[in-house]
Structure formats: structure tokens, C-alpha cells
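Every number for a ligand or one of its atoms is a count from 1 in the order of the listing. Just so it is clear, the values below take in all heavy atoms, side chains as well, and ignore hydrogens, waters and symmetry mates.
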Amino acid sequence: MTTFKSTLASLLVTSTLILASCGGNETYYEKHVSFPPDATLEQKVDMASRLVPSQRQLAWQELEMTAFLHFGINTFTGREWGDGSEDPALFNPEKLDAEQWVKALKDGGFKLVILTAKHHDGFCLWPTATTKHSVASSPWRDGKGDVVKELKEACDKYGMKFGVYLSPWDRNAECYGDSPAYNDFFVQQLTELLTNYGEVHEVWFDGACAEGPNGKKQVYDWTRYYDVIHKLQPNAVTAIMGDDVRWVGNEKGLGRECEWSATVLVPGGYVRSDSVNTALGLKETAPDLGSRDLIAKASEMFWYPSEVDVSIRPGWFYHSEQDAEVKSLAQLVDIYYESVGRNSVLLLNIPPNTDGLLAYIDVQRIKELNEYITKNFANDLLTSAPASVKQGGELTCELPQATKVNTVVLQEDITKGQRVEDFTVSAMVDGNWEVVGSGTTVGYKRMLRFPAVEATAIKLTVNQSRNDANIKKISAYCVEELNSAQGDQKVSDIPVDKWKVVKATGGSEAAKAAIDGNAETVWRSAGSKEMKSIEVDMGQVIDGITGFAYLPTEKDGKAGTVFHYNFYVSLDGKSWQQVKKNVEFGNIMHNTVLQKVAFDKPCRARYFRFESVDEIAQRDFITVAELGILKAE
Ligand code: FUL
């Protein structure tokens with residue numbers, strides 16, 4: 001048995017004392033707090049410490065692991081973003097079995113699943129009355145199928161919560177960009193989804209958006225959408241462009257080490273969000289969303305916790321050529337530590353394939369993940385009780401004998417707010433305290449990994465907090481260590497050592513970095529209003545070229561990432577054949593992974609030219625970490 005010891009001066013263990021420690025002030029602010037105009041920083045910080053989640057936000061946070069299913073017309077076209085012109089006849093997942101999905105997700109430890117009921121291409125996975133661009137026009141189940149219904153029934157059968165992704169951006173709807181008409185259309189779709197299928201626990205509105213077919217920009221009526229959701233599904237959190245759940249800011253599975261659920265960022269769906277966030281210099285991707293410096297400048301705060309969305313594969317949709325790139329168990333465990341372990345909920349995407357099934361390898365991998373978590377976190381080596389700790393105070397948990405520890409998990413009682421701002425974790429090793437971890441925020445859950453020590457006690461020191469910190473639990477484990485080192489990413493199927501740059505925007509010399517087989521070196525073209533391009537001589541004619549690859553870079557943010565491109569091939573470097581014209585790297589601005597592009601048919605060439613039509617933010621230069629040529633084995 002382990003024992004739990006506290007230093008009385010620094011520690012108050014009963015709720016009465018917790019209230020006393022707050023000066024008898026029991027005021028909490030649910031989800032939002034406005035600061036009085038003349039509030040001092042001290043008063044603001046005090047109010048920030050008493051900002052708490054709503055009931056539905058708390059229930060969502062406790063799920064910890066949630067799953068995404070990206071499925072739709074893109075599954076059948078091999079794209080990440082469809083443009084809305086796809087023929088519904090392409091959609092025919094003949095073996096679709098939603099029970100297989102849900103059973104696999106349950107075995108993977110997931111508590112809620114969100115389906116892309118409609119992605120940006122506008123194709124609806126349920127037989128909506130709003131458009132013909134849906135499963136009803138597909139050959140699947142003779143046009144009588146309903147993916148939403150089949151999934152929801154499976155969820156109900158296996159006790160899985162259910163959520164819907166309904167893309168506001170719709171590249172098919174004719175009325176898109178005619179704001180009032182599209183808002184009606186969208187509300188009707190939302191109403192169908194939230195009325196006809198039983199309980200929904202999360203509604204996910206992504207932030208991607210562009211101009212409509214008529215060139216007009218769509219002005220979304222978020223307030224109206226929220227009203228519909230709250231009326232029809234009061235227990236559903238609204239995510240991303242919703243105001244209950246915040247996008248973490250990347251699609252890599254990475255929460256911030258300093259992750260505030262109590263944040264000054266105004267949710268994107270609020271009318272004032274642009275003006276307030278711009279004035280504070282903030283966006284979802286900012287590294288700091290809740291420090292005292294920001295609180296000093298802010299006039300309000302939100303309980304707006306982070307959700308970490310990431311795909312088990314490089315893309316969000318299933319592409320068979322990515323079967324070998326399913327994340328390893330070690331990578332998924334890292335993601336778990338860096339999402340759930342960083343005060344966030346994990347939203348892991350496992351996309352169904354063209355048969356309408358989750359691929360075997362994905363199913364195995366999530367099962368391994370759950371087994372790893374269940375096994376390694378089954379035995380807490382400590383017995384801690386909830387405690388209130390003053391700034392500078394300590395909480396010590398003793399172990400009965402020297403025990404190997406390499407992971408400590410901290411939890412705050414967020415029903416009393418998020419308060420810890422700076423902490424240290426130490427282990428008693430051979431009679432001395434050794435610091436094994438430190439950080440800023442804790443929040444709902446904070447996990448720390450460190451090289452194993454033989455500890456006889458674990459101590460948490462709260463160096464700084466907003467009022468007394470309410471520590472719910474300290475746990476310690478000795479988990480199995482996995483090696484998540486990734487091998488080098490193969491960009492080109494053919495050797496690049498004989499390749500030469502013939503010409504490039506800004507000169508050939510600098511552009512060598514794009515074809516040197518080294519992903520670390522990056523070519524940044526000269527700035528130009530014209531299209532930026534690079535022309536390469538591969539040194540010999542290559543038969544059977546099936547496509548090309550472009551590796552973007554995140555050095556310098558994502559600046560220079562190509563969005564639309566042209567691609568040409570040539571046998572002699574004089575007469576050129578255009579094999580790709582103004583094609584989009586769908587979602588590249590959010591997910592800067594290696595882009596592999598397949599040609600319609602294999603070709604023969606000695607030269608190629610890659611040309612950028614535009615950059616993700618219309619900058620006048622492009623960057624290329626690496627280019628490669630793909631060839632069938
Ligand atoms: C983004 C979308 O553009 C991607 O296609 C994907 O759905 C991701 C989860 O959200 O905003």
C-alpha cells in the first residue's frame with residue numbers, strides 16, 4: 001500500500017477548506033466570463049481561475065479518446081478535397097458494415113465517433129431532401145442506403161456516442177455564396193441530422209472555406225446554427241467553428257505543452273471573433289492562448305478546451321497507396337501522451353476504405369493502442385486523494401518501497417477551474433529529491449514521461465497558480481517504452497543523384513535543394529508575380545512514370561507551400577506534355593504531409609517541370625523540400 005502525505009501548511013484537503021482558501025468566495029463562471037472594465041490584473045486572474053466547463057464540455061473532456069471517420073466521395077476518387085463535380089455513381093461501398101467500424105473503435109478504446117456526413121464536396125452520406133448530391137443518387141444499396149442511419153444504429157447497439165461533421169463549405173451547392181439561401185439550406189441539413197437519428201453528442205464544423213461558384217463569399221449564420229443545435233441536441237458540444245471545443249491548431253496530433261482550456265481566444269463563430277482576436281494578435285494556431293500577459297489585455301475569457309485531430313494515415317480519407325503508412329503503435333502512443341496527456345481530447349481519424357470497411361491494419365493498430373493503454377495504466381503506483389495546494393505548496397505521495405517509475409500523470413479538478421501555471425515533479429531517489437519533470441499547465445490531465453528512476457516518493461510542487469490549485473489526482477506508472485523513431489521518408493522511387501536543375505525561378509543553383517534527396521534542405525524560389533517553376537533533367541529516359549511527389553516544409557511556418565500546380569513531362573526538354581493542369585493539393589495548408597500525385601496513365605520522360613499556380617496564402621514565392629518521381633515497382 002502506498003501512503004498519502006501532505007504538508008499541512010501548504011495543503012488543504014477538504015472541500016470546506018478549499019472554499020475557505022478562496023476566501024469563502026464560491027463564485028464560478030460557466031464557459032464565459034467578462035471582466036469589469038476597471039478590473040486589475042489580479043482581479044482578472046482571480047476570475048480566470050474560477051472559469052469552469054459547462055456540463056456538456058465536462059462530459060466531452062472525460063471521453064478522452066474520440067474517433068473520426070472520414071468517408072465519402074473522396075474515398076472513391078483518391079482525393080483529399082473533392083470539388084463538388086463528382087458523379088454520385090462513384091459511391092458504392094459494397095461491403096459497408098457500420099458494426100465493423102463501431103466494434104473496432106470500441107476495441108480501440110474510443111468513446112465517441114464523428115462521421116463526415118458531408119465534406120467540402122457537398123456529397124451527403126444520408127438521403128437528404130436538400131440536394132440530389134447524396135447517397136440517394138448512388139448505386140449503393142440501390143440508392144436506398146443511409147450511412148448516417150447505419151452508423152447511428154451500430155453506435156446505439158454498442159454504446160458508442162455519436163457525432164456529425166457537416167462541412168459549412170460546400171463546393172457543390174448552387175446556393176453557396178448566396179448567403180441567406182445557403183444558410184437556410186445548411187440549417188435544413190443540420191435539422192435533418194439532428195432530428196432523424198437520435199442523440200448526437202458532437203457537431204463538428206471545420207474552418208475551411210472559400211468563395212462560392214458565383215464568386216460571392218458565404219457569410220455563415222453561426223448564431224442560427226448554434227440555436228438549432230442547442231434546441232435539437234442540448235447535450236451536443238459544438239466543435240471548431242463551434243464554441244464548446246477548440247481546434248488545437250495543427251493536424252499532427254500535438255497539443256501544446258502549455259494548453260489553457262481557460263483561454264482569451266474568442267470562438268471563430270462569434271461575430272466579434274475577428275476584431276477581438278486580431279486586436280490581441282491571436283489565432284487558433286498561436287502558441288499562447290491563456291497567459292497572464294494575454295489576460296492583462298483581454299476583456300473576456302472562455303472555457304474553450306482543445307481537441308487534437310489527427311489521422312492514423314497521412315491523409316484524412318482512405319487511399320490504398322497509404323496502407324504502408326499507417327502510424328505505428330509507438331507513434332500513436334506519442335500522440336496519446338501529446339494530446340490526452342496535454343489537457344486535450346484526442347480525435348483520431350480511422351477512414352473506411354472503398355469496400356466500406358475499416359482496413360485490417362488500422363483495426364489492429366487501434367486495438368494495440370488500447371491494449372497498451374489499458375495494460376500500462378492499469379496499476380497506479382500511488383494512492384492520492386484530492387487536495388487543494390497553495391502557490392508554492394507541495395503534495396507528496398510515498399511509495400511502500402523503491403519502485404521503478406517513468407511516467408507521472410497529474411489531474412486538476414477542472415470543475416473548480418484550471419489554475420496551475422507552473423509546476424515541478426520530483427522523485428525521491430536514494431534519499432534525495434530529483435526533478436523528473438516540470439511544466440506550466442496541468443488542466444484535466446497532464447502526463448510526464450522521463451527516464452525511469454527507482455523512487456520511494458513522488459512530489460508535486462505548484463510553483464505558480466491562479467488561486468489555490470485543486471489537484472484531483474497524482475498517479476505514477478512504469479510503462480513499457482517504445483521506440484517511435486521514424487525512418488527517412490522516401491520521396492522518389494528512382495535515384496536522384498544524376499538529376500540536374502535545368503532552370504528554376506531565381507536560378508538553378510538554389511533550386512538544387514529541391515532535388516538533393518535531403519528533406520532537410522529547402523529550395524525557396526525568388527519572389528515573382530509570374531508562376532514559379534523548376535525544370536529538371538533526370539539524366540536518362542525513364543519508362544513507366546506513374547506520378548510525382550512534392551514534399552512541403554514547415555520551416556518558416558508553412559510559407560511557400562504550393563496550393564495549385566501544373567506538371568509537365570518531356571523526352572527532349574523542348575516539347576512538353578502537360579500531365580496535370582491547375583490541380584489542388586487538397587488540405588495542404590492544414591496537413592503538410594508528402595503529396596503523392598498519380599498520373600492518369602504511366603508516361604515516359606527524361607525531363608519534368610513542376611509549376612506553382614498559387615501559394616497557400618498567395619505569397620509571391622514557393623518552397624520545396626523535395627520533389628520525386630513515382631514509378632510502379
Ligand atoms: C479540415 C478539412 O479541410 C480536412 O479535409 C479534414 O476534414 C480536417 C479534419 O479538417 O479542415
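- By the 3.5 Å distance cut-off applied to N or O atoms, Trp81 is counted among the residues near ligand 1.
- In summary, Lys152 and Asp156 engage in a salt bridge, as defined by a charged side-chain N under 4.0 Å from a carboxylate O.
- Counting non-hydrogen atoms of other residues, nucleotides and ligands closer than 6.0 Å to CD of Glu99 gives a total above 12.
- Regarding atom 6 (C) of ligand 1, its nearest protein heavy-atom neighbour is His70 NE2, 3.4 Å.
- By the 4.0 Å heavy-atom criterion, Trp169 is excluded from the residues contacting ligand 1.
- Of the protein's non-hydrogen atoms, the one nearest atom 11 (O) of ligand 1 is Asp206 CB, 3.6 Å.
- Nearest protein heavy-atom contact of atom 3 (O) of ligand 1 is His120 NE2, 2.8 Å.
- Between Trp316 and ligand 1, no N or O atom pair is found at a separation short of 3.5 Å.
- For atom 5 (O) of ligand 1, the closest non-hydrogen atom of the protein is His119 NE2, 2.9 Å.
- The closest protein non-hydrogen atom to atom 8 (C) of ligand 1 is Glu251 OE2, 3.7 Å.
- A parallel orientation is assigned to the rings of Phe585 and Tyr565, their planes being inclined by less than 30° (bins at 30° and 60°).
- Across all non-hydrogen atoms, the minimal contact from Phe317 to Thr75 is CD2-OG1, 3.8 Å.
- Among Trp303, Tyr270, Tyr304, the single residue meeting the side-chain hydrogen bond (donor to acceptor under 3.5 Å, both in side chains) criterion with Asp243 is Tyr270.
- Looking at ligand 1, you won't find any N or O of Asp309 less than 3.5 Å from one of its N or O atoms.
- Considering backbone and side-chain N/O of Trp204, none are found under 3.5 Å from N/O of ligand 1.
- Listed by atom number, the atoms of ligand 1 under 4.0 Å from Asn587 heavy atoms are 1 (C), 2 (C), 3 (O), 4 (C), 5 (O).
- Between Phe599 and Phe567, the gap from one ring centroid to the other is short of 6.0 Å.
- Residue Arg56 forms a side-chain hydrogen bond (donor to acceptor under 3.5 Å, both in side chains) with just one option from His230, His201, Gln233, and that option is His230.
- For the salt bridge (charged side-chain N to carboxylate O under 4.0 Å, His left out) test, no residue two or more places apart in sequence or in another chain qualifies with Glu251.
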